Amino acid sequence: MTRSFALIDGNSFYCSCERVFDPKLKGRPVIVLSNNDGCAVARTAEAKALGIRMGAPMFSIRELCRREGVVVFSSNYTLYGDMSRRMNTVYQSFASDIEVYSIDESFLDFTPVAPERREELGRDLRSTVSAWTGVPTCVGIGPTKTLAKLANRIAKSTPQLRGICDLTSDEAQREWLPLVALEDVWGIGRASQAKLGAFGCETAADVAALDPKLARKTLTVVGERIIHELRGQPCIDLEAVAPTRKGCAVTRSFAGRVETLEMMQEAIAAHATRLGEKLRRHGLATDHVTVFFHTSPFNKGPSRSVSTTVDFPEASNDTLVLVRAAKWGARRIWKPGYAYAKAGLMTVDIVPLENSQRALMGGLDREKSGRLMAALDACNQRHGRGVVFPAAAGIARQRKAWVTKFEMRSPRYTTRLDEVPVVGRA
DNA sequence: TCTGGGGTCCTAGGACCC
DNA sequence: TCTGGGGTCCTAGGACCC
């Protein structure tokens, strides 16, 4: 049977979430900033019209924002994550198989829907999401995921389509593919664009017409897949069940600069605490952790980038184990005389804690560790992240220097009782 | 002064083995 | 100076995604 996929995503998603809870923002330029209030990661159409680019550093647009009355928010992931969950709940009544692709994008399996009914169902989907969550969306439909993505791009940039584009038919593909630029094809980034440009490719239609074997030589199997997908031959299936994740990382830029080992170890210990929380939430563990830190690539002055991996005797997700290893690693690669801008912890090869290999010696009392960590997590979940942390982490004294900035964050409207919007009271 | 964070997949090349 | 032909596994780095 010919497959069919629908891709739905939120328009300027983070900005739209802010607008849902503050209707005064309607029609105004709004942007949402990355961690540390560093750069713009979401912009409404009004903000784009002012020339604010994706990823524009805040210091370079601060004056423009002030002059033009742009409303600026720090990112509020608690709010966006919850809105995303609500949207996916709506999708469940439109398709039995759904792949949550990112915080604001999901693929729906439209294969069982008759071709002539797909566009209508897409419209219904959009209006239901809008009515139930307040978030505006666009829908793209196609016989492969790549074509559904492409259709979504077309819907976004073509107002007369009113938010939906269906590339099910060959005629529709013939009509639209020549109008889509190379870089708007899913999977074609800067490097591939340059290579394909050398072959004279300018549009999605040009890519679809390439010889797949030639594409494989220059763009590996990834490029070959893109061509088949653009021709309507599915190579990438829907993943209704999320595969278990392979790695886990906690990395942050500092609000200021870190120049002492004590401060670096505080920051690293805080990251280790987060890493432990993330692993435990998924029932996963790791037997090593990689510590890294580096100076800013943008600054002049001495630069340094280092990393080291610390192995454990056995897999663990105990915060005390992680903090100890991370601080030890940080000390091992520490060198003074640099203004460090960012630090992080990474692990690959994470495994389920249950049935992971035990150490012959130097192992941990897992039962005790599990109880302690469960108590820690329960307390922090109830009273806010970071309320309780191990004394070994030593977080407190100097945190102002490294703690991430969120100076313009909106309330957590949907997930904290004391922050829900109040109607009809002065 | 101020420039995000967290993932996945693919390939090439080296180490090692028989 | 001559000195094979495979395998596998691991890692680093590139590219891409949101």
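Note on naming: letters A, B, ... go to the chains in the order of the sequence lines (proteins, then strands), and numbering restarts at 1 for each one. Just so it is clear, the structure is predicted and the values come from calculations on it, not from any experiment.
- Counting only heavy atoms from C-beta outward, the side chains of A:Arg53 and A:Lys48 never approach each other to under 4.5 Å.
- Atom-to-atom, CZ of A:Phe406 to P of B:dG5 comes out at 9 Å; the value is rounded to the nearest Å.
- Consecutive Watson-Crick or G-U pairs involving DNA chain B, each under 3.5 Å on both distances, make up stems of three or more pairs at B:5-18 with C:5-18.
- A salt bridge links A:Arg19 with A:Glu46; the closest basic N to acidic carboxylate O contact falls under 4.0 Å.
- Across residues 245-253 of chain A, A:Arg245, A:Lys246, A:Gly247, A:Cys248, A:Ala249, A:Val250, A:Thr251, A:Arg252, A:Ser253 each have a non-hydrogen atom less than 4.0 Å from an atom of DNA chain B (numbered order).
- Here the shortest heavy-atom pairing between A:Val32 and A:Ser75 reads CG1-CA, 3.7 Å.
- Note: A:Tyr101 and A:Trp186 meet the aromatic proximity criterion, with ring centroids under 6.0 Å apart.
- For the pair A:Lys342 and A:Phe293, the cation-pi criterion (under 6.0 Å, within 45° of the ring axis) is not fulfilled.
- Spacing of P atoms, B:dT3 relative to C:dC18, comes out at 25 Å, to the nearest Å.
- For the residue pair A:Thr404/A:Asn35, the side-chain donor-acceptor check at 3.5 Å is not satisfied.
- The residue A:Lys149 sits close only to the backbone: its heavy atoms come under 4.0 Å of sugar-phosphate atoms, none of a base.
- Annotation: A:Arg67, atom CZ; neighbour count of heavy atoms from other residues, nucleotides and ligands within 6.0 Å is above 12.
- The interatomic distance linking A:Asn36 (CG) with B:dC2 (P) rounds to 11 Å, in whole Å.
- Look at CD1 on A:Ile350: it is 13 Å from P on B:dG6, rounded to the nearest Å.
- We find that CD of A:Glu105 is positioned 14 Å from C1' of B:dG7, with the value rounded to whole Å.
- Figure legend: A:Arg409 and A:Phe406 shown as a cation-pi pair, the cationic atom lying under 6.0 angstrom from the six-membered ring centre and within 45 degrees of its axis.
- For the segment residues 282-304 of chain A, the set of residues with a heavy atom within less than 4.0 Å of an atom of DNA chain B comprises A:Phe298, A:Asn299, in numerical order.
- Between A:Arg123 and A:Arg162 there is a side-chain heavy-atom pair separated by less than 4.5 Å.
- Residue A:Asp104 is classed as a sugar-phosphate contact, given heavy-atom separations below 4.0 Å to backbone atoms only.
- Applying the 4.0 Å criterion to OP1 and OP2 of B:dG4, one finds that A:Lys405 has every side-chain N and O outside that range.
- At a threshold of 4.5 Å between non-hydrogen side-chain atoms, the residues A:Leu167 and A:Ile154 count as touching.
- Atom CG in A:Leu275 sits about 15 Å away from atom P in B:dG5, given to the nearest Å.
- Between the side chains of A:Tyr340 and A:Arg304, at least one donor-acceptor pair of N or O atoms lies under 3.5 Å.
- By the 4.5 Å heavy-atom criterion applied to side chains, A:Leu182 and A:Thr203 are not counted as neighbours.
- Atom CG in A:Asp349 sits about 9 Å away from atom P in C:dC10, given to the nearest Å.
- Between A:Arg280 and A:Asp377 a salt bridge is recorded (basic side-chain N to carboxylate O distance below 4.0 Å).
- A:Ile61 places its CD1 atom 14 Å from the C1' atom of B:dG4, with the value rounded to the nearest Å.
- Protein atom CE of A:Met54 is 14 Å distant from nucleotide atom P of B:dG5, rounded to whole Å.
- Annotation: proximity of residues 196-227 of chain A to DNA chain B (heavy atom, distance under 4.0 Å) is found for A:Thr220, A:Val221, A:Val222, A:Arg225, numbered in ascending order.
- Using modelled atom types and a 3.5 Å distance limit, the side chains of A:Ser4 and A:Thr111 yield no donor-acceptor pair.
- Residues from residues 182-193 of chain A that place a heavy atom under 4.0 Å from any atom of DNA chain C, listed by number: A:Val185, A:Trp186, A:Gly187, A:Ile188, A:Gly189, A:Arg190, A:Ala191, A:Ser192.
- Residue A:Arg62 is the one, among A:Lys278 and A:Arg62, whose nearest nucleotide of DNA chain B lies closer to the 5' end (criterion: closest heavy atom).
- Residues satisfying the ring pair (Phe, Tyr, Trp, His ring centres under 6.0 Å) criterion with A:Tyr91, sequence neighbours excluded, are absent altogether.
- In summary, the side chains of A:Thr414 and A:Asp82 do present a donor paired with an acceptor at a separation below 3.5 Å, with no hydrogens or angles considered.
- Side-chain atoms of A:Tyr413 and A:Glu18 include no donor-acceptor pair closer than 3.5 Å.
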